[in-house]
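Reckoned from all heavy atoms, side chains included, excluding hydrogens, waters and symmetry mates.
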Amino acid sequence: MKKGIDYIAIGVSYYCHDGKGKYLMNKRGVNCRDEHGCWDFGGGGVDFGSTVEETLRKEIKEEYCAENIEYSFLGFNDNFREQNGKKVHWIQLRYLVKVDPKEVKNGEPHKFDEIAWFDLSNLPKPLHSQALKELSLYRNKLPFNS
């Protein structure tokens with residue numbers, strides 16, 4: 001059985017920022033599940049037996065190598081979309097996370113072609129299909145929301 005396809009999946013998603021107006025994003029490579037070449041903020045699925053906080057910390061450490069984080073819960077949203085021709089449903093728990101830029105590096109070069117910092121008024125293209133939708137839901141809760 002596959003998360004999000006055979007049953008509703010729960011995931012954490014996050015906007016990692018440096019505290020000075022820049023947000024961290026990754027460019028999805030060919031080994032990502034889908035949307036190759038698109039820029040995304042980051043996230044991952046909650047596994048059975050793991051807490052949401054454990055998942056948040058684990059995913060940020062895996063993707064961006066950052067351990068010193070400060071976070072706050074922004075809200076949740078349903079993500080309905082198609083993945084490889086199949087309908088997908090995820091419930092995303094969205095967090096705002098301050099990371100130490102000195103710690104940050106591409107922790108998953110096999111999945112991400114690159115990572116980079118951006119301000120919200122100058123995001124890269126193409127974006128992940130859910131990025132603009134989610135930004136419209138949470139932009140007023142984000143610091144430095146140009």
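- With respect to the salt-bridge test (charged N to carboxylate O, under 4.0 angstrom), the residues K3 and D47 qualify.
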Open item on the list: Could you go through Y64 and N26, starting from their C-alpha distance and side-chain angles, then the distance that decides it, and tell me whether this counts as side chain to side chain donor-acceptor pair (under 3.5 Å)?
Closed with: CA-CA 9 Å; Y64 300 134; N26 62 70; 2.9 Å; yes

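- By the 30° and 60° cut-offs, the orientation of the rings of H17 relative to Y23 is tilted.
- A donor-acceptor contact shorter than 3.5 Å is absent between the side chain of K61 and the backbone of E67.
- Within a 6.0 Å sphere centred on NZ of K86, heavy atoms belonging to other residues, nucleotides or ligands number 12 at most.
- Between the side chain of T55 and the main chain of T51, a donor-acceptor pair closer than 3.5 Å is present.
- At a threshold of 4.5 Å between non-hydrogen side-chain atoms, the residues P143 and L96 count as touching.
- We find the CH2-OG distance between W90 and S13 to be 9.0 Å, quoted to the nearest 0.5 Å.
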TODO: Step by step, work out the side chain to side chain donor-acceptor pair (under 3.5 Å) result for N79 and H89.
DONE: CA-CA 6 Å; N79 278 348; H89 183 189; over 6 Å; no

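- Between D34 and R28 a salt bridge is recorded (basic side-chain N to carboxylate O distance below 4.0 Å).
- Distance check, rounded to the nearest 0.5 Å: CG of L127 to CZ of F118 gives 9.0 Å.
- A side-chain donor-acceptor contact under 3.5 Å links E35 to the backbone of S129.
- Qualifying salt bridge (charged side-chain N to carboxylate O under 4.0 Å, His left out) partners for E103, counting only residues two or more places apart in sequence or in other chains: none.
- Remark: F76 CZ is loosely packed, at most 12 non-hydrogen atoms of other residues, nucleotides or ligands lying under 6.0 Å away.
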- [ ] Start with the C-alpha gap between E63 and Y14, add the side-chain angles, then the distance that decides, and say whether side chain to side chain donor-acceptor pair (under 3.5 Å) holds.
- [x] CA-CA 11 Å; E63 292 184 357; Y14 33 84; 2.8 Å; yes

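- Judged purely by atom type and a 3.5 angstrom limit, R81 has no side-chain atom pairing as donor or acceptor with the backbone of K87.
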